Undergrad: 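Structure incoming, see below.
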Amino acid sequence: MTQPNKTLSLQSSAITDRGLNERRPLNEDSFLADSERGIFSVADGVGGAEAGEVASQTAIEVLDEAFRHQVDGADIEDLMELAIQRANASIYQMAQDHAKFSMMATTIVALHLRGNIATVGHVGDSRLYRLTPEGQLIRETEDHSVVEEEVRAGRMTPQQAETHPSKNVISRAIGAEHGVEVDMKTIEVENGTQFLLCTDGITRHIPDYELRQLLIVHQDLASVCNELKQRCYERGAEDNLTAVLVRVGDPVPADRRLEELESTVSPESELADVREPAGQQTNLSMNPEVATSTLVPPSPIAFPSRTDQERVPLNSDQPLNIIDSPDSKGGFGRSLARAFLFLIFLVVVAGAFYAGTRYKGQIPFLPQASQTIPQVSTSPAVVEDSLLKFERARREVDREPNEWLASEMKKELANQGVQNPLESADPEFLYLYGRASLLSGNNEEAAIAFEQTITKADANPSPANSTVRKEATLALAAITVKSDKDKPRALTHFDEMLKKPANANSP
């Protein structure tokens with residue numbers, strides 16, 4: 001087993017943005033970038049406004065919690081996979097308990113670095129790229145999407161996949177099912193290696209060769225992040241976009257990498273529109289024709305080159321250049337058949353209308369005179385979902401745990417008429433108190449609060465309390481893993497706590 005080298009430093013930068021699509025008013029992406037602990041991740045939530053945001057944020061929080069409390073000598077690959085599995089269980093259960101979140105899920109790609117050892121975990125179509133010191137760009141993840149799996153199976157070409165209507169349909173996600181398969185791998189990295197973690201809001205607009213050029217030419221990681229956002233905006237920014245950049249060790253001069261690319265003649269070695277920050281000059285001493293090329297091919301997403309009629313369904317043998325038009329062979333016959341079917345449709349509709357005017361009986365499904373029609377409230381006031389309140393409160397605790405303990409906790413205690421937080425009967429408050437105590441370094445008080453949360457939730461079962469109970473169980477298990485010297489026993493205890501039913505009568 002390779003021993004990690006602990007002398008390599010880490011630098012990182014990140015960017016996340018809602019994009020330009022008006023149908024996506026919220027940013028459903030989440031990310032984690034912690035150079036001190038060497039853990040990085042991006043997650044792309046699905047399921048619509050609020051639901052996707054909750055799913056991605058939950059996945060990131062569970063992963064962050066796991067590595068925040070990791071013990072020295074822990075098996076990083078096991079820990080990462082366990083955290084992703086726990087995130088899957090938490091999101092799946094939340095979706096089962098709350099109709100509003102029934103369709104939510106999220107992708108995730110996670111990277112942990114310790115010296116020259118990188119551990120990668122991945123579910124969905126968010127990606128991890130590795131740029132070697134020599135300038136080679138390697139995609140370390142394979143998309144779990146419908147079209148990518150068809151390409152890997154040889155039933156579709158990459159060109160067909162780029163414009164296929166199902167190109168954004170993922171085949172595997174966190175929280176979509178009771179269990180999920182996580183792709184895991186461990187690799188060795190060299191001094192000067194860079195990593196890019198990103199959601200498909202980046203890769204749908206910027207091809208791999210362009211990503212490679214940006215990573216090679218720009219020395220400043222923040223400049224690359226800004227350039228990624230700018231190019232996505234120029235090409236439509238149809239989706240939320242998130243990127244996390246990480247550099248291991250010392251930066252590699254752009255001149256060195258460009259010289260090594262000179263001998264390669266391929267589209268990937270030709271410079272796209274690489275724009276340096278003001279005042280920064282980069283030596284592009286390559287083939288003059290290559291060095292002066294500044295045009296970027298239009299994005300096939302923002303500027304479609306084919307019509308929807310040309311797109312080929314999965315498993316279809318139809319060639320791309322076949323277009324159904326009246327002038328093509330057999331076009332007249334097809335047009336005549338459509339006209340005949342439309343005429344039949346009109347006759348059926350007319351017959352149904354005539355029968356309805358002659359029918360004098362009672363109309364089915366309408367209430368009798370003696371029946372009352374339920375009144376639906378039309379009040380403009382919208383009652384905020386209790387789970388969303390809980391999510392927002394938890395984020396407030398995460399942002400300033402000490403401030404929450406000093407102010408919000410005291411207000412809530414006054415409302416409840418108790419002085420000791422552990423005397424509260426509210427499972428949600430007990431969980432928030434435990435979380436704030438944990439983040440403030442008081443593990444013993446946090447453990448007691450989480451145990452109280454589970455007890456109170458069991459005594460008053462409900463969908464909301466079921467969710468809070470599971471979160472408390474995860475947090476209590478994390479404390480157990482951190483404090484228990486017998487790691488295998490602690491992990492077994494972790495599993496037992498998660499599998500234990502909340503209450504025989506709970507939902």
Side-chain angles (χ1 to χ4, degrees), residues 1-15 31-42 67 70 72-77 79-80 109-122 126-141 183-198 202 208-228 243-264 268-269 271 274 276-277 280-286:
M1 179 177 178
T2 304
Q3 295 298 321
N5 180 347
K6 298 186 178 181
T7 62
L8 296 178
S9 62
L10 295 178
Q11 293 180 328
S12 67
S13 184
I15 192 165
F31 74 91
L32 171 64
D34 190 331
S35 297
E36 183 177 347
R37 289 184 287 133
I39 180 67
F40 309 90
S41 181
V42 299
F67 280 90
Q70 74 176 85
D72 292 337
D75 187 314
I76 298 300
E77 187 169 335
L79 180 62
M80 181 180 289
V109 58
L111 168 70
H112 180 270
L113 289 163
R114 185 166 61 184
N116 63 331
I117 301 298
T119 304
V120 181
H122 166 242
S126 294
R127 294 179 180 177
L128 173 70
Y129 293 90
R130 173 167 61 97
L131 183 73
T132 68
E134 295 74 31
Q136 182 182 11
L137 186 68
I138 302 170
R139 192 200 301 181
E140 296 290 355
T141 57
D183 286 357
M184 299 294 304
K185 69 183 341 181
T186 300
I187 56 178
E188 292 188 39
V189 297
E190 303 173 75
N191 182 34
T193 299
Q194 290 178 224
F195 290 94
L196 168 64
L197 301 87
C198 60
I202 297 286
D208 287 7
Y209 75 87
E210 205 170 325
L211 292 174
R212 179 191 190 192
Q213 294 160 4
L214 286 171
L215 292 173
I216 288 176
V217 173
H218 288 271
Q219 295 292 297
D220 181 55
L221 299 183
S223 297
V224 180
C225 289
N226 292 331
E227 186 69 21
L228 290 172
V244 174
L245 275 167
V246 187
R247 177 185 293 136
V248 181
D250 304 319
V252 178
D255 293 351
R256 171 182 152 190
R257 281 171 168 162
L258 291 172
E259 289 172 1
E260 292 170 352
L261 292 176
E262 285 184 17
S263 58
T264 304
E268 293 192 3
S269 66
L271 287 178
V274 181
E276 287 295 328
Q280 180 176 344
Q281 299 294 328
T282 301
N283 180 13
L284 303 180
S285 56
M286 299 174 62

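Residue numbers run from 1 in the order of the sequence given. Atoms considered below: every heavy atom in the structure, side chains included; atoms not considered: hydrogens, waters and symmetry mates. Note that this is a predicted model, so its numbers are computed, not measured.
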Undergrad: Taking all atoms of both residues into account, what is the closest heavy-atom pair of Leu111 and Ala118, and its distance?
TA: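 Between these two residues, the closest heavy atoms are CD1-CB, 3.9 Å.
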Undergrad: If you look at every heavy atom in Gln219 and Pro251, which pair is closest and at what distance?
TA: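 Closest heavy-atom pair between Gln219 and Pro251: OE1-CB, 3.6 Å.
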Undergrad: Measure the shortest side-chain to side-chain distance between Leu197 and Phe31 over non-hydrogen atoms and say whether it is less than 4.5 angstrom.
TA: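 Leu197 vs Phe31: side chains apart.
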Undergrad: I need the minimum non-hydrogen distance between Arg130 and Thr132, along with the two atoms involved.
TA: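 Nearest heavy atoms, Arg130 then Thr132: NH1-CG2, 3.7 Å.
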Undergrad: Could you state the interatomic distance from NE2 (His112) to OG (Ser41), rounded to the nearest 0.5 Å?
TA: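 Here the interatomic distance stands at 12.5 Å.
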Undergrad: To the nearest 0.5 Å, what is the distance between CD on Glu190 and CG on Leu8?
TA: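 The CD atom of Glu190 sits 10.5 Å away from the CG atom of Leu8.
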Undergrad: Test your reading of the model: is there a side-chain donor-acceptor pair from Asp250 to the backbone of Asn191, 3.5 Å cut-off?
TA: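 Checked: no pair found.
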Undergrad: Is any side-chain heavy atom of Thr193 closer than 4.5 Å to one of Leu131?
TA: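 No - every pair of side-chain heavy atoms lies 4.5 Å or more apart.
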Undergrad: Measuring from Arg127:CZ to Leu196:CG, what's the distance to the nearest 0.5 Å?
TA: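 The CG atom of Leu196 is 10.5 Å from CZ of Arg127, to the nearest 0.5 Å.
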Undergrad: Going from CG on Asp183 to OG1 on Thr141, what distance comes out if it is rounded to the nearest 0.5 angstrom?
TA: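 The CG atom of Asp183 sits 8.5 Å away from the OG1 atom of Thr141.
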Undergrad: How many angstroms lie between CD1 in Ile15 and CG in Leu245, if you round to the nearest 0.5 Å?
TA: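 Between Ile15 CD1 and Leu245 CG, I get 10.0 Å after rounding to 0.5 Å.
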Undergrad: Would you name the heavy atoms of Phe67 and Arg37 that are closest together and state the gap between them?
TA: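 Looking at all heavy atoms of both residues, the shortest contact is C-NH1, 3.2 Å.
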Undergrad: Can you list the steps and then say if Val244 with Leu32 is a side-chain contact (heavy atoms from CB on, under 4.5 Å)?
TA: CA-CA 8 Å; Val244 174; Leu32 171 64; over 6 Å; no
Undergrad: Let me see the working for Val109 and Glu140 under side-chain contact (heavy atoms from CB on, under 4.5 Å), right down to the final yes or no.
TA: CA-CA 10 Å; Val109 58; Glu140 296 290 355; over 6 Å; no
Undergrad: Any side-chain heavy atom of Leu10 sitting closer than 4.5 Å to one from Phe40?
TA: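 A side-chain contact exists here, since the closest heavy-atom pair is under 4.5 Å.
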Undergrad: So do the side chains of Val252 and Ile216 get within less than 4.5 Å of each other, counting heavy atoms only?
TA: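 A side-chain contact is absent here, since even the closest heavy-atom pair is not under 4.5 Å.
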Undergrad: Apply the test side-chain contact (heavy atoms from CB on, under 4.5 Å) to residues Leu221 and Gln194: give CA-CA distance (whole Å), side-chain angles for both, the deciding distance (0.1 Å), then the verdict.
TA: CA-CA 10 Å; Leu221 299 183; Gln194 290 178 224; 4.0 Å; yes
Undergrad: Below 4.5 Å, heavy atoms only, C-beta onward: do Met184 and Thr119 meet side chain to side chain?
TA: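 Sidechains of Thr119 and Met184: in contact.
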Undergrad: Might you point out which heavy atoms bring Ser223 and His218 nearest each other, and give the distance in Å?
TA: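 Residues Ser223 and His218, closest heavy atoms: CB-ND1, 3.9 Å.
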Undergrad: Say you draw a straight line from OG of Ser126 to CD1 of Ile202; how long is it, rounded to the nearest 0.5 Å?
TA: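 Here the interatomic distance stands at 10.5 Å.
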Undergrad: How close do Gln11 and Ser35 get, counting heavy atoms only, and between which atoms?
TA: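 Heavy atoms only, the tightest pair is C-OG, 4.2 Å.
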Undergrad: Output, in order, the C-alpha distance, side-chain angles, deciding distance and verdict of side-chain contact (heavy atoms from CB on, under 4.5 Å) for Ser13 and Val224.
TA: CA-CA 9 Å; Ser13 184; Val224 180; over 6 Å; no
